[in-house]
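All remarks here apply to the structure that follows.
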Amino acid sequence: MSDHRAWRWQRSGYDDRVHAFPAGERPASFVEAACAHTVPYAKVTRSHEGARCLPCLLIVADELAARVPGAVD
C-alpha cells in the first residue's frame, strides 16, 4: 500500500498537548490532527515537549501495526 500517511508530532497552542499532525501539510488557516483536534496553523509549535494526546497515540499506533505483516490478526 502506498497511501500511508506520515505524521509529525507538534504541540497545539489550544490545549498544550502534542498531537500527530499530517507531515508536509500546511493549510492556509487550520490544521487537523489525527484525533480531529483542529488548531490554527499559527498556533502549532514544532515541539515534542509536553503531554501527548492519547487518541493521537492510539490512531498512529494502529496505523503502524497495520503496516507490519503479521502484527494484526
Side-chain angles (χ1 to χ4, degrees):
M1 282 188 261
S2 62
D3 60 341
H4 296 303
R5 203 162 207 186
W7 299 102
R8 177 176 291 140
W9 292 94
Q10 299 180 98
R11 187 174 22 191
S12 164
Y14 277 166
D15 65 1
D16 289 327
R17 292 199 177 276
V18 179
H19 292 269
F21 291 99
E25 185 174 307
R26 190 186 190 294
S29 55
F30 283 82
V31 64
E32 184 175 348
C35 68
H37 173 78
T38 58
V39 63
Y41 189 78
K43 291 224 177 241
V44 173
T45 305
R46 289 188 175 178
S47 173
H48 290 274
E49 293 183 24
R52 298 215 182 228
C53 168
L54 183 58
C56 281
L57 282 169
L58 294 172
I59 291 165
V60 172
D62 282 347
E63 287 183 10
L64 289 173
R67 292 182 194 182
V68 179
V72 180
D73 295 321

So how far is it from [X] [atom1] to [Y] [atom2], rounded to the nearest 0.5 Å?
{"X": "L64", "Y": "I59", "atom1": "CG", "atom2": "CD1", "result": "12.0 Å"}
{"X": "K43", "Y": "Q10", "atom1": "NZ", "atom2": "CD", "result": "15.0 Å"}
{"X": "H19", "Y": "C53", "atom1": "NE2", "atom2": "SG", "result": "4.5 Å"}
{"X": "E63", "Y": "W7", "atom1": "CD", "atom2": "CH2", "result": "5.5 Å"}
{"X": "H37", "Y": "F30", "atom1": "NE2", "atom2": "CZ", "result": "10.0 Å"}

Hey, are the side chains of F21 and C56 touching, using non-hydrogen atoms and a 4.5 Å cut-off? no

Restricting to non-hydrogen atoms, name the atom on [X] and the atom on [Y] that form the minimum distance, rounded to 0.1 Å.
{"X": "V18", "Y": "G50", "value": "CG2-O, 4.0 Å"}
{"X": "S12", "Y": "V39", "value": "OG-CG2, 3.7 Å"}
{"X": "E32", "Y": "P22", "value": "O-CD, 3.2 Å"}

Near R67 CZ, under 6.0 Å, is it more than 12 heavy atoms from other residues, nucleotides or ligands? yes

